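Counting starts at 1 for both ligands and their atoms, following the listed order. Since the model is a prediction, treat every value here as computed from it, not as a measurement.
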Amino acid sequence: MSYLEAFNKSKSNANEFWLEEAKRLSWYKLPTKGYVEGEDGSSNWFSDGKLNMSYLCIDKHIEDGHGDQIAVIYDSAVRQKQVKYTFHELHEKVSKLAGGLQKLGVQKGDTVVIYMPMISHALFSMLACARIGAIHSVVFGGFAPDELASRIDDAKPKVIITASSGIEVDRLIAYKPMVDEAIEKANHKPEKVVIFNRKLGVETQQKNYDVDYEQLMHESESVEAIPVKADHPLYILYTSGTTGTPKGVVRDTGGYATALHFSMRTIYDAKPGEVFWAASDVGWVVGHSYIVYAPLLNRNTTIIYEGKPVRTPDAGSFWRVIQDHKVNVMFTAPTAFRAIKKEDPNGELVKKYDISSLKYQFLAGERCDAATLRWAEKMLQIPVIDHWWQTESGWPIVANFMGMEKFPVKEGSAGKSVPGYHVQVLGEHGEVLPKGEEGYLAIQKPLPPGFMPILWNAPERTKAAYYERFENYYFSGDGGYIDVDGYVYVTGRIDDVINVAGHRLSTAQLEEVVASHEAVAECAVIGMEDSLKGQLPLAFVVAKVGEEGYESYRLETEVVQLVRDIVGPVASLKTVLLVKRLPKTRSGKILRRTIRKIVDGKDYAIPSTIEEPMVISELIEALSIAKVGAFAKDKNTVVNSLKALTDSYYNIDSLAKYIDV
Ligand code: COA
Ligand code: AMP
């Protein structure tokens, strides 16, 4: 089927298209029903079907005679260790752990939080939950105990699975004490905490809820996969929204399995038996979909990589993994390539390894700049494919189709609408904008299988966050445009969400934490452009009356530490600027968009509603002195930045003092 045929059919007869796709999987009961909108507004697929994700990822391949194929490779660049598991071995690890969880009282529909580093046991834990119909919620290891606690309170897990420690380049991160702290802070108390002891020398305090992972495995019997309904939740994955409270994105089982299977064939062109590597983390949606479920569903060998693209030990580590495991299809975020390019601009390390097995390089998670795309193409000499998706979608919304129809790559575009996704660009009032015009990226209902049915226990928030802005559409939160050939260009978030090294963060949440510092009267956190991580958070703080004497470096240090303690190191907040005032409208709204443009050295206009225009020059002065954002680079930024202000209000001479930086 050509792309256009598939796309048109998915639009004109979505149910028939996806019911046909569903037949490619082994169901206990094949579905006959397609899309149904639930009373709570949820989107449900295949409601009369029954299946089990763990069975499809493991047992099915053994039954088909592939039990000796390598299913999972754990490659630790930080421990210089590799462990391979066949499908037979994976079966043993997962089915016994599933039995262990049942022994601990976990039943179908119960929730289990998984807080683990990039080790195989994280994947075993996810699949063990899926095997018995328990709903897992993986929390990224870079989040601090407070964040973990808020997820515990929302997901209410019966059990938490964790490890003694993780490794960040050259330092050990003690996970278990963070779990203990989170449990202490949370209102909900899980019954048991299963700890995989990595024996790396981290001392952990024994608690009465502790259960040793290996001991549990030793004492437990393997259990069979339990059939669940297609709309049974497989997992909850928390992601940042526009408020301080993360959103619990629910994923169903049947729609997700169908969509992932479809994507492996049509988008990634990953043939069963090939090696598929997503260099991400199981704590993110990329990890759920393309480290764990999609490759295993498709009988690919998947890689759990514990390490970074650089510094573990150098910028050649990705090429080493490709060579060692003969990776065929790879997926990572553009940041990883920017990090490698920075250390090895001429690709000397690429030449040291045999990467001839690699067919395609996929990139997603953030905007891919043209320089990074071109550099990757030059180094790898294979198609480098940008594609756009979100935690909510669970699989690509816009892509290029290596297994269906390969379109020429256009710089700056993530490709075309994936069959099942009817992406449109809408204007302020919901009108469809002409080709080439920038607006809000929205997806017409019905959303395809695999797409988030609803937010966990939050139907009203689901509606408010995604479906109320434009009737009959899902509102993505991203801006963009579509060209005459149907290529979609994602220009960035239009809300308070920022993207730091492919990690999604909420500036509203960061502001809540910064504002909780005792000396802070008010603050604004914005995402500023960064040549490595895409964006970095930058906090402007105004001190409380009586606290103005606070030395700015002390306040900065304390705020940075506060964010690390409460949100976690992943927030990457390193710069805090103490300012006298924040630019606001007369109604008191902080002009965040204007601030962002100034920081990035972009043209800006001063809104006519501004309360006090001179605050802008104070801001520019603070940025110039601290040499932050575009102001780290050259004097022209200051001149240009002041121009909007002087054009509107002042004579440039009166502002000359700011120009001499
Ligand atoms: N547990 C504990 N801490 C963690 C962590 C984890 N699982 N993951 C990250 N952190 C810490 C890091 O050590 C770092 O701490 P620091 O401020 O003390 O140095 C901080 O969180 C920020 O992490 P990160 O954004 O990853 O920055 P980095 O400097 O360690 O690495 C890159 C930079 C570019 C190499 C890294 O971001 C990367 O590999 N990105 C690839 C993109 C990616 O995987 N995106 C995921 C979505 S697809
Ligand atoms: P997450 O939910 O963490 O996957 O983040 C989703 C957000 O990342 C999207 O809403 C976009 O803002 C951004 N994003 C993901 N992929 C791309 C891409 N290929 N191009 C531009 N932005 C992207």
> Got the closest protein heavy atom to atom 30 (O) of ligand 1, with its distance?
Replying inline: K308 NZ, 2.7 Å

> Under 4.0 Å from any heavy atom of K574, which atoms of ligand 1 are there?
Replying inline: 17 (O)

>> Among all protein heavy atoms in this structure, tell me which lies nearest to atom 15 (O) of ligand 1, with the distance rounded to 0.1 Å.
In response: R171 NH2, 3.6 Å

>> Using side-chain heavy atoms (C-beta onward) and a distance below 4.5 Å, is E168 in contact with E306?
In response: no

> Considering only heavy atoms of H503, which atoms of ligand 1 have at least one such atom less than 4.0 Å away?
Replying inline: 25 (O), 26 (O), 45 (N), 46 (C)

>> Could you check whether any heavy atom of M118 sits closer than 4.0 Å to an atom of ligand 1, since that is the contact criterion I want to use?
In response: no

> What's the shortest distance from atom 47 (C) of ligand 1 to any protein heavy atom, and which residue and atom give it?
Replying inline: G502 O, 3.5 Å

> Hey, do the aromatic rings of W395 and Y256 have their centres closer than 6.0 Å?
Replying inline: no

> Would E366 count as a contact of ligand 1 if the rule is a heavy atom under 4.0 Å away?
Replying inline: no

> Does the distance from a Lys or Arg side-chain N to an Asp or Glu carboxylate O, for E511 and R592, drop under 4.0 Å?
Replying inline: yes

>> Quick check for you: to the nearest 0.5 Å, what is the distance between I566 atom CD1 and H517 atom NE2?
In response: 10.5 Å

> Quick one: do D146 and K185 make a salt bridge, cutoff under 4.0 Å?
Replying inline: yes

>> Checking contacts now, so for atom 32 (C) of ligand 1, which I'm interested in, is there any protein heavy atom under 4.0 Å?
In response: no

> Side chain or backbone of E343 under 4.0 Å from ligand 1, or both, or neither, by non-hydrogen atoms?
Replying inline: neither

>> Against ligand 1, does F331 come closer than 4.0 Å with any heavy atom?
In response: no

> Just which atoms of ligand 1 are under 4.0 Å from any heavy atom in V286?
Replying inline: 48 (S)

> Is a donor on one side and an acceptor on the other found under 3.5 Å between the side chain of N298 and the backbone of N300?
Replying inline: no

>> More than 12 heavy atoms of other residues, nucleotides or ligands under 6.0 Å from CD of E348: yes or no?
In response: yes

>> Taking distance alone, with N or O pairs closer than 3.5 Å, would you say T335 contacts ligand 1?
In response: no

> Under 4.0 Å from ligand 1, counting heavy atoms only, is it the side chain of R311, its backbone, both or neither?
Replying inline: side chain

> Are Y467 and F475 an aromatic pair by the rule of ring centers under 6.0 Å?
Replying inline: no

>> Using a 4.0 Å cutoff against the non-hydrogen atoms of V570, which atoms of ligand 1 qualify?
In response: 21 (O)

> Measuring from the heavy atoms of P309, does anything fall under 4.0 Å of ligand 1?
Replying inline: yes

> Hey, are D75 and R320 close enough for a salt bridge, meaning a charged N less than 4.0 Å from a carboxylate O?
Replying inline: yes

> Is the shortest side-chain N to carboxylate O distance from D485 to K410 below 4.0 Å?
Replying inline: yes

>> Please determine whether any non-hydrogen atom of Y175 lies less than 4.0 Å from an atom of ligand 1.
In response: yes

> Does NZ or CZ of K406 lie under 6.0 Å from the centre of the six-membered ring of F401, at an angle within 45° of the ring axis?
Replying inline: no

> Among Y360, Y290, W319, F318, whose ring pair (Phe, Tyr, Trp, His ring centres under 6.0 Å) with W277 holds?
Replying inline: F318

> Between the side chain of S317 and the main-chain N/O of K308, is any donor-acceptor distance below 3.5 Å?
Replying inline: yes

>> Residue by residue, ordered by chain and number, which ones reach under 4.0 Å of ligand 2 with a heavy atom?
In response: V285, G365, E366, R367, D386, H387, W388, W389, Q390, T391, D478, V490, R493, N499, R504

>> Could you check whether any heavy atom of G287 sits closer than 4.0 Å to an atom of ligand 1, since that is the contact criterion I want to use?
In response: no

> Does the distance from a Lys or Arg side-chain N to an Asp or Glu carboxylate O, for K176 and E203, drop under 4.0 Å?
Replying inline: no

>> Quick test: of every protein heavy atom, which one is nearest to atom 45 (N) of ligand 1, and how far off is it to 0.1 Å?
In response: A501 O, 3.4 Å

> What residue and heavy atom of the protein are closest to atom 3 (N) of ligand 1, and at what distance?
Replying inline: E168 CG, 3.6 Å

> Any side-chain heavy atom of D530 sitting closer than 4.5 Å to one from M528?
Replying inline: no

> Where is the nearest protein heavy atom to atom 24 (P) of ligand 1: which residue, which atom, and how far?
Replying inline: K533 NZ, 3.6 Å

> Using 4.0 Å as the upper bound for N to carboxylate O, is an ion pair formed by R596 and E529?
Replying inline: no

>> Only heavy atoms of S572, strictly under 4.0 Å: list the atoms of ligand 1 that pass.
In response: 22 (C), 25 (O)

> Looking only at protein heavy atoms, which one is nearest to atom 8 (N) of ligand 1, and how far off is it?
Replying inline: F140 CZ, 3.3 Å

>> Below 4.0 angstrom, counting only protein heavy atoms, does anything approach atom 42 (C) of ligand 1?
In response: yes

>> Less than 4.0 Å is my threshold; does some heavy atom of P117 fall inside it relative to ligand 1?
In response: no

>> Measuring centre to centre across the rings, with the benzene-like ring taken for any Trp, is Y268 within less than 6.0 Å of F362?
In response: yes

> Going by the order shown, which atoms of ligand 1 are within less than 4.0 Å of some heavy atom of A279?
Replying inline: 44 (O)

>> Could you identify the single nearest non-hydrogen protein atom to atom 20 (C) of ligand 1 and state the distance to 0.1 Å?
In response: P569 O, 3.3 Å

> Under a 4.0 Å N-O cut-off, is there an ion pair linking E411 with R374?
Replying inline: yes

> Is the shortest heavy-atom distance from the side chain of M402 to the side chain of I267 under 4.5 Å?
Replying inline: no

